[in-house]
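One structure is given here, and the rest of the page talks about it.
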Amino acid sequence: MSTLDLPAPYPWPEGKTSAFCFTMDVDAHAPWMWNNRHEVPQLLSHLEQRNFGPRVGIRRIAAILKDLGVKGSFYVPGAVAEAHPWMLPALIEAGHEVGLHGYFHELVAQVSDEEFSRVLDSSLEIFRRQTGETPRGFRSPAWEMTPHMLAEVKRHGFYDSSLMGLDTPHTVDGVVEVPVNWGTDDAIFFKFLGGGDPAPRSPAEILGMWCEEFEASHRFGSLFMLTVHDWISGRGARPVMLESLLEKVLAKGDVWVATVAEVAAHHAAHAMERDQITSHIPETLLEHPAWTRT
């Protein structure tokens with residue numbers, strides 16, 4: 001086989017050509033807490049905008065998922081679960097998956113390895129306390145990972161859904177990775193908190209873009225990972241846009257619509273020998289022989 005030949009198609013469940021996951025990062029007010037961790041401003045606008053998510057947004061989208069019979073994966077920061085103790089039990093009762101997403105949506109570059117491990121344990125504790133269950137998956141805030149984080153995820157037996165080295169499931173340092181995709185994340189198109197943020201895009205435009213992405217994903221036999229946020233896509237015309245996209249996905253009978261945990265379990269059972277990646281961070285350019293030679 002030529003090195004330019006495409007690999008064998010990913011082994012989705014029998015009769016399925018590609019896969020689709022509906023996911024929500026239920027950030028709510030957690031990033032606001034992290035960004036203002038040193039001094040809390042006496043300002044309401046950003047906080048109230050984010051509070052729309054648990055008050056209305058997540059419920060509006062959950063109603064659409066219920067009507068269409070779609071089960072999603074909801075990644076909830078510990079602080080959001082703490083502030084809204086009804087949320088995790090309600091999601092599980094509705095048949096959805098809940099996964100870890102930091103505690104205060106803390107950014108990887110701003111915490112030490114020890115701090116990450118400590119708040120991961122705190123997140124796990126509140127999930128177990130509120131649901132009586134152990135979550136199966138982890139998604140990093142802002143989709144960044146370090147080798148230490150992967151080791152901690154592996155130690156707990158979680159899958160990860162934060163990286164995008166492939167567009168089908170694979171492993172990184174022995175951790176099952178169910179990849180994400182910035183192109184199918186709502187925040188880059190709709191997030192607006194004022195100031196210098198770019199104006200939100202039209203839902204009709206993004207629906208067209210995501211439908212094109214879905215058709216390409218289906219053609220290439222890959223995973224379409226949709227990621228939305230409670231306070232962003234729960235507002236205005238965006239839930240209607242999501243409904244239209246989901247209807248298009250469901251109309252294709254050979255697309256596996258699954259939770260991320262289901263995809264991770266399928267990979268672990270049927271394709272663990274495929275696409276095993278070892279994390280590697282290269283040395284800095286200034287240490288490269290091409291730069292240092294004399």
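Ring planes of H270 and H266: tilted class, angle from 30 to 60°.
A cation-pi arrangement is not found for R37 relative to F104, the charged atom failing to lie both closer than 6.0 Å to the ring centre and inside a 45° cone about the ring normal. Geometrically, R59 engages W86 in a cation-pi contact, judged by NZ or CZ lying under 6.0 Å from the ring centre and within 45° of the ring axis.
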Discussion item. Please evaluate residues H101 and D27 with respect to the criterion side chain to side chain donor-acceptor pair (under 3.5 Å), reporting the C-alpha separation (whole Å), side-chain torsions for both, the decisive distance (0.1 Å), and the verdict.
Written reply: CA-CA 8 Å; H101 194 46; D27 292 351; 3.1 Å; yes
Discussion item. Please evaluate residues L43 and W32 with respect to the criterion side-chain contact (heavy atoms from CB on, under 4.5 Å), reporting the C-alpha separation (whole Å), side-chain torsions for both, the decisive distance (0.1 Å), and the verdict.
Written reply: CA-CA 11 Å; L43 301 170; W32 185 93; over 6 Å; no
Worksheet item: Are K154 and D173 close enough, and set up right, to give a salt bridge (Lys or Arg N to Asp or Glu O under 4.0 Å), and what steps lead you there?
Response: CA-CA 8 Å; K154 184 176 183 179; D173 292 350; over 6 Å; no
Discussion item. Between L6 and F220, is the side-chain contact (heavy atoms from CB on, under 4.5 Å) condition met? List the steps.
Written reply: CA-CA 10 Å; L6 289 170; F220 295 130; 5.8 Å; no
Item to complete: Check the pair T23 / V180 against side-chain contact (heavy atoms from CB on, under 4.5 Å), numbers first and verdict last.
Response: CA-CA 10 Å; T23 72; V180 292; over 6 Å; no
Worksheet item: For E215 and K252, what are the C-alpha separation, side-chain angles and deciding distance, and is it a salt bridge (Lys or Arg N to Asp or Glu O under 4.0 Å)?
Response: CA-CA 10 Å; E215 292 294 345; K252 276 196 193 297; 3.6 Å; yes
Discussion item. Set out, in order, the CA-CA distance, both residues' side-chain angles and the distance that settles salt bridge (Lys or Arg N to Asp or Glu O under 4.0 Å) for R118 and E152, then state yes or no.
Written reply: CA-CA 11 Å; R118 178 154 41 87; E152 286 292 273; over 6 Å; no
Worksheet entry | side-chain contact (heavy atoms from CB on, under 4.5 Å) between L88 and V76, intermediate numbers included | CA-CA 8 Å; L88 299 183; V76 185; 3.8 Å; yes
Worksheet entry | Test side chain to side chain donor-acceptor pair (under 3.5 Å) applied to S217 and S222, step by step | CA-CA 5 Å; S217 173; S222 62; 3.1 Å; yes
Fill in: Candidate pair H156 and T134, rule side chain to side chain donor-acceptor pair (under 3.5 Å), full reasoning
CA-CA 10 Å; H156 284 287; T134 298; over 6 Å; no
Item to complete: Go through Q110 and W34 one step at a time and tell me if the side chain to side chain donor-acceptor pair (under 3.5 Å) criterion holds.
Response: CA-CA 10 Å; Q110 297 171 353; W34 180 254; 2.6 Å; yes
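Looking at H105 and D25, their side chains never bring a donor and an acceptor atom within 3.5 Å of each other.
Of the possible donor and acceptor atoms, one in the side chain of S73 sits under 3.5 Å from a partner among the backbone N and O of V260. With hydrogens and angles disregarded, a donor-acceptor distance shorter than 3.5 Å links the side chain of E97 to the backbone of A261. Judged purely by atom type and a 3.5 angstrom limit, K71 has no side-chain atom pairing as donor or acceptor with the backbone of K66. Remark: side-chain polar atoms of E177 are paired, donor with acceptor, to backbone N or O of S162 under 3.5 angstrom. Within the 3.5 Å criterion, the main-chain N or O of M272 finds a donor-acceptor partner in the side chain of Q276. With hydrogens and angles ignored, the 3.5 Å screen pairs a side-chain donor or acceptor of H46 with a backbone N or O of L193. In terms of modelled atom types and a separation under 3.5 Å, the side chain of H96 and the main chain of G72 share a donor-acceptor contact.
One hydrophobic cluster holds both V263 and L250 under the rule that ILVMFWY side chains link at heavy-atom gaps under 4.5 Å. Hydrophobic cluster membership is shared by L107 and V40, with clusters built from Ile, Leu, Val, Met, Phe, Trp and Tyr side chains linked at under 4.5 angstrom. F52 and L47 fall into different hydrophobic clusters, where Ile, Leu, Val, Met, Phe, Trp and Tyr side chains are chained together by heavy-atom contacts under 4.5 Å. V56 and I61 end up in different hydrophobic clusters when Ile, Leu, Val, Met, Phe, Trp and Tyr side chains are linked at under 4.5 Å. Both M24 and W182 are assigned to one and the same hydrophobic cluster, defined by single-linkage of ILVMFWY side chains at heavy-atom distances under 4.5 Å.
The neighbour count for E93 CD, taken as heavy atoms of other residues, nucleotides or ligands under 6.0 Å away, does not exceed 12. Sparse packing is recorded around CH2 of W291, with 12 or fewer heavy atoms of other residues, nucleotides or ligands lying under 6.0 Å away. More than 12 heavy atoms of other residues, nucleotides or ligands sit less than 6.0 Å from atom CG of L286.
At a threshold of 4.5 Å between non-hydrogen side-chain atoms, the residues V153 and M145 count as touching. Side-chain contact between W210 and L242 is present, with at least one heavy-atom pair separated by less than 4.5 Å. Using a 4.5 Å heavy-atom threshold, the side chains of L246 and F20 count as touching. Residues D185 and H229 form a side-chain contact, since some pair of their non-hydrogen atoms from C-beta on lies under 4.5 Å apart. H267 is listed as a side-chain neighbour of Y10, based on a closest heavy-atom distance under 4.5 Å. Residues F116 and V108 fail the side-chain proximity criterion, which asks for heavy atoms closer than 4.5 Å. Within the 4.5 Å cutoff, no side-chain heavy atoms of F22 are placed close to those of V249. With contacts defined as side-chain heavy-atom distances shorter than 4.5 Å, the pair L223/W12 qualifies.
Once rounded to the nearest 0.5 Å, the distance linking CE of M209 with CG of L245 reads 12.5 Å. Residue M225 holds its CE atom at 8.0 Å from OG1 of T184, rounded to the nearest 0.5 Å. Expressed to the nearest 0.5 Å, how far OG1 of T131 lies from CD1 of I126 amounts to 10.5 Å. Atom CD1 in I188 sits 8.0 Å away from atom CZ in R201 (nearest 0.5 Å). We find the CD-CG distance between E273 and D275 to be 9.5 Å, quoted to the nearest 0.5 Å. Rounded to the nearest 0.5 angstrom, F214 CZ and L226 CG are separated by 11.5 Å.
Counting all heavy atoms, side chain and backbone alike, A237 lies closest to P203 at CB-CG, 4.1 Å. Of all non-hydrogen atoms in G102 and E106, the two that sit nearest each other are CA-OE2, 3.2 Å. Nearest heavy-atom pair across C21 and A258 is SG-O, 3.4 Å. In terms of heavy-atom proximity, A30 sits nearest to V80 at CB-CG2, 3.9 Å. For the pair S161 and Y75, the tightest heavy-atom approach, listed with the atom from each and the gap, is CB-OH, 4.2 Å. Contact detail for R60 and G236: the closest heavy-atom pair is NH1-N, 4.2 Å.
Partner of E243 under the side chain to side chain contact (heavy atoms under 4.5 Å, CB included) criterion, chosen from I64, L207, L65: I64.
In this structure, the side-chain contact (heavy atoms from CB on, under 4.5 Å) partners of P85, at least two apart in sequence or on a different chain, are Q130.
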